[in-house]
Amino acid sequence: MDQTHASSPLAGAVHDLATEVVLALRSGDHLATVCGAAGIDEDNRTGIAAVRVIGADLLLPSVLHGHHPHPGDLAVLHRAVREFPPRPDASDATAWSHWGMRSALDRTAPAAAAGQLPPTGPGTAEPDAAWLEGAPWQAFTHQLSVLAPLAVPAASSAVHRAAAHRVVDLSRGFVRAVRRRNWLQAAGAGRWLAGLEGRPDTLGLDRGLDFVELMGGTDPRVALHVRAARLMAEGRAR
């Protein structure tokens with residue numbers, strides 16, 4: 001791990017975990033354990049915190065390749081949900097991120113989720129999303145990029161509906177992020193756009209994502225969102 005990624009134990013763990021998610025997305029290996037490959041188990045506190053940062057994307061290879069997630073990954077994600085619930089004063093994005101992790105568990109392993117997570121409490125009900133409807137397009141793009149792990153096929157939420165209603169604003173935000181060299185924000189916005197109808201013909205999303213991946217190549221989270229966008233676009237084209 002180079003010095004940049006080793007700036008803190010958590011940053012290094014997030015980098016390693018995101019890298020393993022990207023490798024699993026590329027390989028499609030249904031036997032792979034993302035957490036195990038990154039050296040993370042249920043007793044690794046720093047690793048659990050890294051899973052909380054990655055969020056629902058821990059299970060993204062299973063979701064996009066259509067196979068059951070590895071039991072070890074499920075166990076670690078369960079632990080992250082239990083250990084890091086949103087505080088009462090948490091931001092809207094944090095509440096939605098937590099809801100997204102629970103939703104991913106419910107979709108991929110409903111029996112396990114029912115048995116290991118509390119039936120009520122923070123994260124079980126869909127949070128409010130009215131704040132997205134009136135947000136300026138710049139802030140809207142920022143928030144959607146933070147919530148990019150929610151952008152998966154066959155999922156529905158108030159955030160998805162807000163994105164579908166503001167495709168042009170999100171497209172403007174994608175272009176702005178590229179021009180400002182904010183590769184992570186551009187990748188997150190591009191991931192949402194890959195799954196939405198009504199993109200402007202002039203956007204050039206495919207070539208834009210190629211450029212984002214090239215320029216943001218040192219951050220595996222950029223590669224993660226770009227790869228997710230491509231897999232979703234391929235699924236839509238079938």
Exercise. Hey, are Arg45 and Glu83 close enough for a salt bridge, meaning a charged N less than 4.0 Å from a carboxylate O?
Worked result: yes
For this session: Measure the spacing between CE of Met232 and CG of Leu196 and express it to the nearest 0.5 Å.
Result: 8.5 Å
Exercise. Looking only at heavy atoms, which two atoms of Ala125 and Trp99 are closest? And how far apart?
Worked result: O-CD1, 3.4 Å
Exercise. Does Leu17 share a hydrophobic cluster with Phe84, counting links as ILVMFWY side-chain heavy atoms below 4.5 Å and allowing steps through other members?
Worked result: yes
Exercise. Okay, side chain of Arg191, backbone of His225: is any donor-acceptor separation there less than 3.5 Å?
Worked result: no
For this session: Would you check if the side chain of Trp96 reaches a backbone N or O of Asp128 as a donor-acceptor pair within less than 3.5 Å?
Result: yes
For this session: Count the heavy atoms of every other residue, nucleotide or ligand shown that sit under 6.0 Å from CZ of Arg181, and state whether that count exceeds 12.
Result: no
Exercise. Closest approach of Pro220 and Val22, non-hydrogen atoms and distance?
Worked result: O-CG2, 3.5 Å
Exercise. Okay, side chain of Asp73, backbone of Cys35: is any donor-acceptor separation there less than 3.5 Å?
Worked result: yes
Exercise. Are more than 12 heavy atoms from other residues, nucleotides or ligands located less than 6.0 Å from atom CG of Asp201?
Worked result: no
Problem set entry | Hydrophobic cluster membership, Val168 vs Leu170, 4.5 Å side-chain cutoff | no
For this session: Kindly determine whether Leu77 and Met101 satisfy side chain to side chain contact (heavy atoms under 4.5 Å, CB included), including the steps that lead there.
Result: CA-CA 8 Å; Leu77 187 57; Met101 291 194 294; 3.8 Å; yes
Problem set entry | Euclidean distance, Leu59 CG relative to Leu105 CG, rounded to 0.5 Å | 6.0 Å
Exercise. Given the rule in the salt bridge (Lys or Arg N to Asp or Glu O under 4.0 Å) test, do Arg176 and Asp169 qualify, once you have shown the distances and angles that lead to the verdict?
Worked result: CA-CA 10 Å; Arg176 178 176 182 266; Asp169 282 346; over 6 Å; no
For this session: Quick one: closest heavy-atom pair of Phe174 and Gly208, and the distance?
Result: CZ-C, 4.0 Å
Exercise. Hey, are the side chains of Val178 and Val175 touching, using non-hydrogen atoms and a 4.5 Å cut-off?
Worked result: no
Problem set entry | Check: Trp131 ring centroid to Phe140 ring centroid under 6.0 Å | no
Exercise. Same cluster for Val226 and Leu203 if Ile/Leu/Val/Met/Phe/Trp/Tyr side chains link at under 4.5 Å?
Worked result: yes
For this session: Assess the side chains of Ser97 and Thr94: does a donor N or O sit below 3.5 Å from an acceptor N or O?
Result: no
Problem set entry | Straight-line distance of Asp16 CG to Ile40 CD1, nearest 0.5 Å | 7.5 Å
For this session: Quick one: pull up CZ in Arg87 and NE2 in His98 and give me the separation to the nearest 0.5 Å.
Result: 12.5 Å
Exercise. Can you check whether His68 reaches Thr108 side chain to side chain, under 4.5 Å on heavy atoms?
Worked result: no
Problem set entry | Minimum-distance pair of heavy atoms, taken over all atoms of Gln185 and Gly173 | OE1-O, 4.5 Å
Exercise. Would you call Arg161-Glu126 a salt bridge at under 4.0 Å N-O?
Worked result: yes
Exercise. Judged by atom type as modelled, is there a donor-acceptor pair below 3.5 Å linking the side chain of Arg166 to the main-chain atoms of Glu133?
Worked result: yes
Exercise. With a 4.5 Å limit on heavy-atom distance, are the side chains of Leu64 and Pro153 in contact?
Worked result: yes
Exercise. Quick check: does any side chain N or O of Ser171 sit under 3.5 Å from a backbone N or O of Val167, one acting as donor and the other as acceptor?
Worked result: yes
Exercise. With a 4.0 Å cut-off, would you call Asp41 and Arg79 a salt bridge?
Worked result: no
Exercise. Do you know which two heavy atoms are closest between Gly188 and Ala148, and how far apart they sit?
Worked result: CA-CB, 3.9 Å
Problem set entry | Side-chain (Asp57) to main-chain (Leu60) donor-acceptor, under 3.5 angstrom | no
For this session: Check whether any side-chain N or O of Arg52 sits under 3.5 Å from a backbone N or O of Val81 as a donor-acceptor pair, and report yes or no.
Result: no
Exercise. His65 vs His67 aromatic rings, parallel, tilted or perpendicular, using cut-offs 30° and 60°?
Worked result: parallel
Exercise. Would Ile54 end up clustered with Leu231 when hydrophobic side chains under 4.5 Å apart are linked, directly or stepwise?
Worked result: yes
Exercise. Which heavy-atom pair separates Val21 from Leu58 by the least distance, and what is that distance?
Worked result: CG2-CA, 4.5 Å
For this session: Rounded to the nearest 0.5 Å, what's the gap from NE2 on His78 to CD1 on Ile48? Could you check?
Result: 12.0 Å
Problem set entry | Pairwise side-chain contact, Val152 with Arg107, heavy-atom cut-off 4.5 Å (strictly under) | yes
Exercise. Linking I/L/V/M/F/W/Y whenever their side-chain heavy atoms sit closer than 4.5 Å, directly or via other members, would Leu25 and Val53 fall into one cluster?
Worked result: yes
Problem set entry | Under 3.5 Å donor-acceptor, Thr141 side chain and Trp137 backbone | yes
Exercise. What distance do Thr19 atom OG1 and Leu224 atom CG have between them, rounded to the nearest 0.5 Å?
Worked result: 9.5 Å
